[in-house]
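Report on the structure given below.
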Protein chains: 2
Amino acid sequence: MQQKADEIVKTLKSKGLRVTPQRFAVYANLLEREDHPTVEQILTNLNQDAPTSSQATVYAALQALREVGLVREVLLEEGVSRYDANVAPHHHFRCNCCGAIEDIDWNTFQCIDLSKLRLGLKAERYEVTVQGSCDRCQVKYEV
Amino acid sequence: MQQKADEIVKTLKSKGLRVTPQRFAVYANLLEREDHPTVEQILTNLNQDAPTSSQATVYAALQALREVGLVREVLLEEGVSRYDANVAPHHHFRCNCCGAIEDIDWNTFQCIDLSKLRLGLKAERYEVTVQGSCDRCQVKYEV
DNA sequence: CTTTGTGCAAACGATTTGCAGGATG
DNA sequence: CATCCTGCAAATCGTTTGCACAAAG
């Protein structure tokens, strides 16, 4: 645990970010969960025992983390942004029923051929978004 | 032109929607453009000569059109929703420089094998989002 | 004539911003 | 000790809502 904390500090410093308790907490929280939380969810999680960060600070921390490439914003839902500390390229699955978001391994889809794009467009990255229903929600339907 | 208008009226009626000038205008506008406009852009476009629709009405019209499946909401950008009258499945290209959005033909990417998804997830649809720079923005860089 | 849509303005919710004090390197 | 961060509250922006009036079928 301590080692992990040290690693986080090292990572933040290596990106030129000042290490504050709030920034640390936001990043650590994002690293240990994989559900692409919203700002509100992060905030609730961080302050559940004792108040540690204010809303504006979480926004600021996320922006800083995003600028140095440690965190990505994920747009899969109207109204709210979600955040992801998994910066490696990957795809997303979204449950249309409960809204849950899950990562899909990058290698799951192999055959996307960007050279087929219209001449003139220069692709830099891509991502597949799959929508459907997750285990839990399929069960719901069957009851 | 008249024929096109008749078709739009027929389409709206066939979906059980009352045909109002505002609804007609919103849908016709979406049909004739392919840039996935925001509400603000639609509004500006509709009211450029004379005021025809209010903001709340455009929102209401879009919601009605969405409910009957004539229009889709497109989420590719923070903060704003964009709308698309192309309901057939297709992919999207987004220019990271100017924000332009362009459709990519569904057949461009053939090999996505949804059976490779984790057991338990039931896929209903998917879509590929490509990011990069468009013709115009590449030129900009070269100058 | 009944139902539904429109337009205005107020309400809302997520995100941003200004600024005074506080912590970081 | 200079710089940058935090926290609060006010401000902003896209979107939604309540309601009186108007239009559609």
Side-chain angles (χ1 to χ4, degrees), chain A residues 5-6 8-29 36-47 50-68 70-83 99, chain B residues 5-6 8-29 36-47 50-68 70-83 99:
Chain A
D6 285 350
I8 294 179
V9 170
K10 209 190 295 175
T11 305
L12 294 174
K13 283 192 174 163
S14 76
K15 294 288 186 177
L17 291 183
R18 279 193 184 180
V19 180
T20 68
Q22 293 83 348
R23 223 168 244 180
F24 178 93
V26 168
Y27 188 49
N29 190 255
H36 309 67
T38 63
V39 169
E40 197 193 353
Q41 292 171 331
I42 297 171
L43 209 48
T44 304
N45 209 306
L46 293 185
N47 294 341
T52 66
S53 319
S54 79
Q55 198 186 45
T57 302
V58 171
Y59 275 105
L62 286 171
Q63 191 178 323
L65 290 165
R66 206 144 42 102
E67 278 169 5
V68 301
L70 288 179
V71 160
R72 279 207 319 184
E73 190 180 32
V74 181
L75 297 175
L76 288 174
E77 197 173 341
E78 337 164 31
V80 259
S81 291
R82 294 178 167 276
Y83 297 89
Chain B
D6 286 350
I8 293 178
V9 170
K10 209 189 298 173
T11 306
L12 293 174
K13 283 191 175 163
S14 75
K15 293 289 184 176
L17 290 183
R18 280 195 184 176
V19 179
T20 67
Q22 293 83 349
R23 226 169 241 180
F24 179 93
V26 168
Y27 187 48
N29 190 256
H36 309 66
T38 64
V39 168
E40 197 193 354
Q41 291 171 330
I42 296 172
L43 209 48
T44 306
N45 210 306
L46 292 185
N47 293 342
T52 65
S53 319
S54 79
Q55 197 187 46
T57 302
V58 172
Y59 275 106
L62 287 170
Q63 190 177 323
L65 290 164
R66 207 144 41 104
E67 277 169 6
V68 299
L70 288 179
V71 160
R72 278 208 320 184
E73 189 181 32
V74 181
L75 296 177
L76 289 173
E77 198 172 340
E78 337 163 30
V80 259
S81 290
R82 295 178 167 276
Y83 296 90

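Computed from a predicted model, the values in this text were never measured in an experiment. Numbers restart at 1 for each chain; the letters A, B, ... are given by sequence-line order, proteins then strands. What's counted below: heavy atoms across the whole structure, side chains too, no hydrogens, waters or symmetry copies.
Under the side chain to side chain contact (heavy atoms under 4.5 Å, CB included) test applied with A:Gln55, the options A:Leu43, A:Asn47, A:Ile42 reduce to a single match, A:Leu43.
Here D:dT6 presents its P atom at 11 Å from CG of A:Leu62, a figure rounded to the nearest Å. Taking atom CD on B:Gln22 and atom P on D:dA22, their separation rounds to 14 Å, with Å as the unit. Distance CG (B:Leu46) to C1' (C:dG7): 15 Å, rounded to an integer number of Å. Distance CG (B:Leu43) to P (D:dC13): 16 Å, rounded to an integer number of Å. Rounded to whole Å, the distance from CD on A:Glu77 to P on C:dA14 is 11 Å. One atom, CZ of B:Phe24, and another, P of C:dT4, lie 23 Å apart when rounded to the nearest Å. The nearest whole Å value for the distance from the CD atom in B:Glu73 to the P atom in D:dG14 is 15 Å. In this entry the distance linking CD1 of A:Ile42 with P of C:dA14 reads 14 Å, nearest Å.
Within 4.0 Å of B:Thr38, counting heavy atoms only, lies no atom of the nucleic acid at all. Counting any heavy atom pair closer than 4.0 Å across all strands shown, B:Gln55 reaches a base atom.
The distance from atom OG of A:Ser53 to atom CZ of A:Phe24, rounded to the nearest 0.5 Å, is 12.0 Å.
Under 4.0 angstrom from either OP1 or OP2 of D:dT15 there lies no side-chain N or O belonging to B:Gln63. In this model, the phosphate group of C:dT16 is not approached by any side-chain N or O of A:Tyr59 to a distance below 4.0 Å at OP1 or OP2. For C:dT6, the OP1/OP2 oxygens have no side-chain nitrogen or oxygen of B:Ser53 closer than 4.0 Å.
In this structure, A:Arg82 does not pair ionically with A:Glu73, as no charged nitrogen and carboxylate oxygen lie closer than 4.0 Å.
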Side chain to side chain contact (heavy atoms under 4.5 Å, CB included) between A:Arg18 and A:Lys13, worked out: CA-CA 6 Å; A:Arg18 279 193 184 180; A:Lys13 283 192 174 163; over 6 Å; no

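Of the residues near DNA chain D, B:Glu40 and A:Arg23, the one whose nearest nucleotide (by heavy atom distance) lies more toward the 5' end is A:Arg23. DNA chain C is contacted by both B:Thr57 and B:Glu78; B:Thr57 maps to the nucleotide lying nearer its 5′ end (nearest heavy atom per residue).
Side-chain atoms of B:Gln41 come within 3.5 Å of backbone atoms of B:Thr38 as a donor-acceptor pair (strictly under, hydrogens ignored).
Side-chain N/O atoms of A:Thr11 and A:Ser14 include no donor and acceptor closer than 3.5 Å.
B:Lys15 is listed as a side-chain neighbour of B:Leu70, based on a closest heavy-atom distance under 4.5 Å.
DNA chain D is contacted by A:Arg18, A:Thr20 of residues 12-20 of chain A, taking any non-hydrogen atom closer than 4.0 Å.
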